J.: 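Submitted below is the structure of interest, expressed as structure tokens.
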Amino acid sequence: MARTYPAHARPLWQRVLLTREMAVVAVLAGVVVYSVARVPNFTGPLTLPYLLLDTAPILLVALPMTLVVATGEIDLSVASVVGLSSVTVGVLVDAGWPVPAAALAALGVGAVCGALNGYLVAYVGLPSLAVTIGTLALFRGIAVGLLGTRAVTDFPDRWTELATARIGQTQLPLVVVPIVVLVAVFAVLLHLTPFGRGIYDIGLSTDAAHFSGVAVARTKLVLFVLTAAVAAFAGVFFTLRYGTARGDNATGLELQVVAAVLLGGVSIFGGRGALHGVVAGVLLIGVLSSALRLENVTVNVINIIIGALLVASVLSTSVLGWLVRRRQHSPLAPAQPQPGREER
Amino acid sequence: MTEQLVAPSRLSPARRAVRTVLRSRELAIVIVLLLLVAGTTVRTDAFLFSENSWRDLLLTPSILMLLAVGEAVVIITRNVDLSVGSVLALTAYLTGRLFIAQPGLPVVAVFVAGLLAGGALGLVNGLLVSLGRVPALVITLGTLYVYRGVVLTWAGSDRVNASDLPDGFLALGTKTLASIPVLTMIAVVVLAAVGYHLHTARGGRELYAIGSDPDAALLFGLPVRRRVLGAFVLSGALAGMAGVFYAARYGTISSGAGLGLELQAVAAAVIGGVAIFGGSGTVWGAALGAVLLVTINRALPILGISEFWQQAVVGVLILGAIVLDRVLAARTARRLADAREA
């Protein structure tokens, strides 16, 4: 029997442009235009490279985190994985390993960390918020335990220079290459594959996803392993960029990543969100911080602005939803069933 | 007409109480805690028996205990409060500034100011969460940055030193009555009040109903918004009180006070058996979890484990606690299923 689907209520351009993600992109564009026009030195030769180098770890980790949050889970252990990866590179290079081998080993360590998170969440069925608070302490504890307050700093110049190198004559740092590759990989994975549709299904209803044939546990396991592996890569970059491997590297990064992902329009309950929104969210925080710093606004005020932005962004969605509901319930519009939203 | 819906237990109240205690999650933590203290004391008897150590053993956990109690109440309603560390920093610094502005201020007034300031910050969280109908994780992550930014802007690189605080207030930080620190007594009184309310009062029981199933609670007509708002105000007020404690205990307050403490508060609640998805757990458990966390940090170096490994041990403990929860829940579910079959 042929099934018929109702035609979309809104035309295509509305569905593409009037989204939460495009709002973030628009705000980002506005901030960039304003900064280029008004902020002194924003177009200087150092602003863009430093902006990208500073936001690279957050941007990298935010990509797989988007997929994790879209399933309705969360990974708070990423910053600890960054730290552990940094220590792994440091200890191994100290022991005479070449940097690429040490970096590969760090990626392996990251994958193992992710597998532990994923196993506990997906197969034992524990809540990811609790699990990853536990592994946040565990991984950070191992990282700090291995090096103590020591720091490994004697990396070959060739590799530390690579981390901050530019592409040819452009201002773009080399780290943009893996970022662009990973953005493409995760965008395809989330938006164009059955695996990605499964992610949204899980986020909307785990049970429904399970009964419609999505391998729920395996998907979650894969996502946690991917997240930790990318976090480990960010750890390698972090280490080489600053030329220091320390146990407490990137402390607190997890909250910055989660803030950027949520600002980018991913629902904390899962089931909605898009990668371009998250990339825009990370860049928005980066550009805003960079521009405000150039305007001599202190880091403290920047923190307030970013926090307020995060609150305002979720509140605006909530207020808009309320307005839409009100319009639908008004006598002029036909009543429509509302999907139940879990209150938290 | 009253209808008996549940058959009364055939056990005597006393035996029922004993069984409840023996099966409780809290007892397990108490046993771990006692073993830890006993083991450490065997190693170095000064851990328990020197006067200062005994005092610190009771005093050090009292700050985290207050935070954990507030956090537990919020988590029971299926929310979370990530802003407590920043609230603590704000009220601790506020305490210092109050004393600098008014050196003769009575200590009680400062406590009230801390409670009110913290409660107001909690009210902001609560209003945003309950009226805005947005997830608490996002809101309190936002206010974590905002509150921290406010204290950073306010304090800058300035710090309040012990010399700025009146001696009477600082003495309170270490004062003991019958070898029990005063701050610990206050924390325990707060714990008892909150615990009693949650256990017996209608408003307290409703928090569990809301956390178990928010939609059902709303349909049933419970004042969900008001209760959630109340939980956030309580959490903020207790964090505010913890800020005053912090000032009294440490004397120096910089804008970095309480950095990262929010995750410790959540961890203490989780170790204490408060389920992260709401609806179950007790503040007693959360408080014991806080005591265990802090005591482990003090005990490990004495047990010959380098202090750098403390966090790893804490991580294993958190994971162990949630796995234990899972095992216990599965066993209960099996028993209920068996009872239904029979």
Side-chain angles (χ1 to χ4, degrees), chain A residues 74 76-77 80 116 120 124-131 133-149 247 251-252 254-255 258-259 262 267-269 298-315 317-319 321-322 340-344, chain B residues 78-80 82 128-130 132-139 141-156 210 214-215 218 224 228 255 259-260 262-264 266-267 270 275-278 306-323 325-326:
Chain A
I74 196 164
L76 291 180
S77 71
S80 300
L116 175 64
L120 289 174
V124 185
L126 300 173
S128 56
L129 188 67
V131 166
I133 285 180
T135 52
L136 179 155
L138 177 64
F139 301 154
R140 180 66 71 186
I142 296 174
V144 175
L146 284 174
L147 270 188
T149 51
T251 306
E254 69 278 348
L255 294 182
V258 172
L262 297 177
S267 163
I268 190 79
F269 300 124
T298 57
V299 183
N300 323 323
V301 178
I302 296 173
N303 267 344
I304 300 180
I305 293 173
I306 289 170
L309 202 63
L310 180 60
V311 171
S313 75
V314 284
L315 273 185
T317 324
S318 169
V319 170
W322 179 74
R341 261 186 74 86
E342 195 183 356
E343 188 177 324
R344 178 150 180 173
Chain B
R78 202 184 278 195
N79 286 288
V80 72
L82 291 183
L128 288 171
V129 170
S130 62
R133 295 188 168 278
V134 275
L137 187 86
V138 188
I139 290 297
L141 181 61
T143 52
L144 175 152
Y145 284 112
V146 174
Y147 296 166
R148 177 68 65 184
V150 169
V151 67
L152 281 165
T153 311
W154 188 18
I210 292 165
D215 292 336
L218 202 64
V224 174
V228 169
S255 53
L259 213 59
E262 59 279 343
L263 290 179
Q264 279 196 49
V266 178
V270 166
I276 204 84
F277 286 134
S306 141
E307 57 181 316
F308 298 120
W309 289 98
Q310 284 168 5
Q311 264 189 311
V313 174
V314 168
V316 169
L317 196 71
I318 297 171
L319 292 177
I322 51 179
V323 170
D325 261 346
R326 178 76 187 172

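Predicted model only: the values in this text are computed from it and were never measured. Throughout, a chain's letter reflects where its sequence line sits, starting with A, and its residues are numbered from 1.
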J.: Could you check whether any side-chain N or O of A/R140 sits under 3.5 Å from a backbone N or O of A/G247, counting only pairs where one atom can act as donor and the other as acceptor?
T.: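 Judged by distance alone, yes, a pair lies under 3.5 Å.
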
J.: Does A/V124 offer a backbone N or O that forms a donor-acceptor pair with the side chain of B/R326 under 3.5 Å?
T.: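 Yes; at least one donor-acceptor contact below 3.5 Å.
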
J.: Contact part of A/L315 toward chain B, heavy-atom cut-off under 4.5 Å: side chain, backbone, both or neither?
T.: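 Both the backbone and the side chain of A/L315 come within 4.5 Å of chain B.
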
J.: Between chain B and each of A/T251, A/L146, A/I74, count heavy-atom pairs under 4.5 Å; write down the option with the most.
T.: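 Maximum pair count with chain B is reached by A/L146.
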
J.: Looking at A/L262, A/V131, A/L255, A/T298, which one has more heavy-atom pairs under 4.5 Å with chain B than the rest?
T.: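 Heavy-atom pair counts peak at A/L255.
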
J.: Quick one: of A/T149, A/L147, A/L120, who has the most non-hydrogen atom pairs under 4.5 Å with chain B?
T.: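 Most pairs with chain B among the choices: A/T149.
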
J.: Would you name the heavy atoms of A/P127 and B/F277 that are closest together and state the gap between them?
T.: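 Here A/P127 and B/F277 meet closest at CB-CE1, 3.3 Å.
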
J.: Below 4.5 Å, heavy-atom pairs only: which of A/S313, A/A143, A/G252, A/G125 has the largest tally toward chain B?
T.: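 Answer, by heavy-atom pair count under 4.5 Å with chain B: A/G125.
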
J.: Quick one, B/R78 and B/P214 - any side-chain contact, counting heavy atoms below 4.5 Å?
T.: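 Sidechains of B/P214 and B/R78: in contact.
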
J.: Would you tabulate the side-chain donor-acceptor contacts of residues 302-311 of chain A under 3.5 Å, counting partners in other chains and residues two or more places apart, or write 'none'?
T.:
none

J.: Based on non-hydrogen pairs under 4.5 Å, which of B/V323, B/V270, B/I322, B/I210 is most in contact with chain A?
T.: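 Among the listed options, the one with the most contacts to chain A is B/I322.
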
J.: Measure across A/T135 and A/S80 and return the closest heavy-atom pair with its distance rounded to 0.1 Å.
T.: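 The pair with the smallest heavy-atom distance is O-CB, 4.5 Å.
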
J.: When only pairs under 4.5 Å are counted, which of B/V266, B/T153, B/V316 shares the most heavy-atom pairs with chain A?
T.: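 Of the options given, most contacts go to B/T153.
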
